[in-house]
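Just below is one structure, and these are the notes that go with it.
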Amino acid sequence: MARKKIALIGGGQIGGTLAHLAALKEMGDVVLFDIVEGLPQGKTLDLSQSSPVEGFNSKLKGANDYADIAGADVVIVTAGVPRKPGMSRDDLLGINLKVMKAVGEGIGKYAPDAFVICITNPLDAMVWALQQFSGLPTNKVCGMAGVLDSSRFSHFLAEEFNVSVQDVTSFVLGGHGDTMVPLIRYSTVAGIPVPDLIKMGWSTQEKIDQIVQRTRDGGAEIVGLLKTGSAFYAPATSAIEMAESYLKDKKRLLPCAAFLSGEYGLSDMYVGVPVIIGEGGIEKIVEIELQGEEKTGFDHSVNAVKGLMDACQNIDSSL
Ligand code: TXD
């Protein structure tokens, strides 16, 4: 059986970590693509030189030509530029939109059968643009944010309850950013919902509210500490979990930015919702019933995503 091929577009902090994880897990052979010459070649050579110690057989290749991603089974996109001081949101949108155009066309030409996971920010708008530019079916293009946001939430909850992270499941919906919606009701320790744990005296509503806020600000907290970049270990691990669910047809139920066609009363847009990922890509969008504040929070988040999409359309009229 031929090895699977994983193409990583963007060889920066997350791209390099993705290459490392994909190789360590022997998910397949890895192509790391970047527009900067030498960067992906240097990283993949370094990683390849770790293979005798680690004992992995994945082959890694650095590339500056889209032809090298030909036939990829999975493509994970982190290409783009981060926001720099003095740059407005629209400046950043304009630059990353152009990047998505180049990347989307490259994927459409060389890897039209791939399952594509977008990570580039602003996530919900970029994954939508990437799908449009690539022309791939909507069930094969999704965005990573919810797995990361949920993982951050779970980490904080495990610390608060002093239990293993393995026993915590949590659920974060909506767009990636300040408007994400952590769902306390669906977050549990070994099946016991957080509201019940509050009643049992394991924590207080006030502390859980603080954890929700810290989860929302999770990306900014790390940017504030690193100063020269954003989070990359947890974002990379989260995208790998999605890729593995596709490659191994695991049918995991994960929160991802997925294309909606009527679900949640929304159409023609990407937003973070629970989905099942298997060999068919996004095989199912799981429609849970949102209540009260959850619904208000989700609507607020959807409006923020729509605002970004409008701004993209104003920049590129082909969208
Ligand atoms: O949850 C999430 N979705 C996220 C998103 C969590 C954390 C970070 N998130 C975003 O991921 C972040 O805001 C960025 O937009 C991406 C990638 O983050 P990373 O930390 O890996 O950024 P880097 O280190 O700046 O890497 C970006 C690389 C860099 O090597 C550039 O040379 C390259 O992208 N780049 C390109 N590659 C290919 N093609 C084009 N056009 C291109 N332009 C830049």
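Just so you know, ligand 1 is whichever comes first in the structure, and atom 1 is the first atom listed for that ligand.
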Search all heavy atoms of Trp128 against all heavy atoms of Cys312 and return the closest pair with its distance. CZ3-CB, 3.9 Å
Enumerate donor-acceptor pairs with a distance under 3.5 Å from any side-chain N or O in residues 67-78 to protein atoms, sequence neighbours excluded.
| unit_1 | atom_1 | unit_2 | atom_2 | d |
| --- | --- | --- | --- | --- |
| Asp68 | OD1 | Lys61 | NZ | 2.9 |
| Asp73 | OD2 | Lys5 | N | 2.8 |
| Thr78 | OG1 | Ile9 | O | 3.4 |
| Thr78 | OG1 | Gly10 | O | 3.3 |

Is it the case that Asp149 and His176 place a side-chain donor and acceptor less than 3.5 Å from each other? yes
Hey, would you say the Tyr110 and Tyr66 ring centroids sit under 6.0 Å apart? no
Considering residues at least two apart in sequence or located in another chain, which fulfil the side chain to side chain contact (heavy atoms under 4.5 Å, CB included) criterion with Val286? Leu253, Pro274, Ile276, Ile288
Set of salt bridge (Lys or Arg N to Asp or Glu O under 4.0 Å) partners for Glu294, sequence neighbours left out: Arg185
Which pairs of nitrogen or oxygen atoms, taken one from ligand 1 and one from the protein, are under 3.5 angstrom apart?
| unit_1 | atom_1 | unit_2 | atom_2 | d |
| --- | --- | --- | --- | --- |
| ligand 1 | 1 (O) | His176 | NE2 | 3.1 |
| ligand 1 | 3 (N) | Ile119 | O | 3.0 |
| ligand 1 | 3 (N) | Met144 | O | 2.8 |
| ligand 1 | 13 (O) | Asn121 | ND2 | 3.1 |
| ligand 1 | 15 (O) | Asn121 | N | 3.2 |
| ligand 1 | 21 (O) | Gln13 | N | 3.3 |
| ligand 1 | 21 (O) | Ile14 | N | 2.8 |
| ligand 1 | 24 (O) | Gln13 | N | 2.9 |
| ligand 1 | 30 (O) | Gly12 | N | 3.4 |
| ligand 1 | 30 (O) | Asp34 | OD2 | 2.7 |
| ligand 1 | 32 (O) | Asp34 | OD1 | 2.7 |
| ligand 1 | 32 (O) | Asp34 | OD2 | 3.4 |
| ligand 1 | 34 (O) | Gly80 | N | 3.3 |

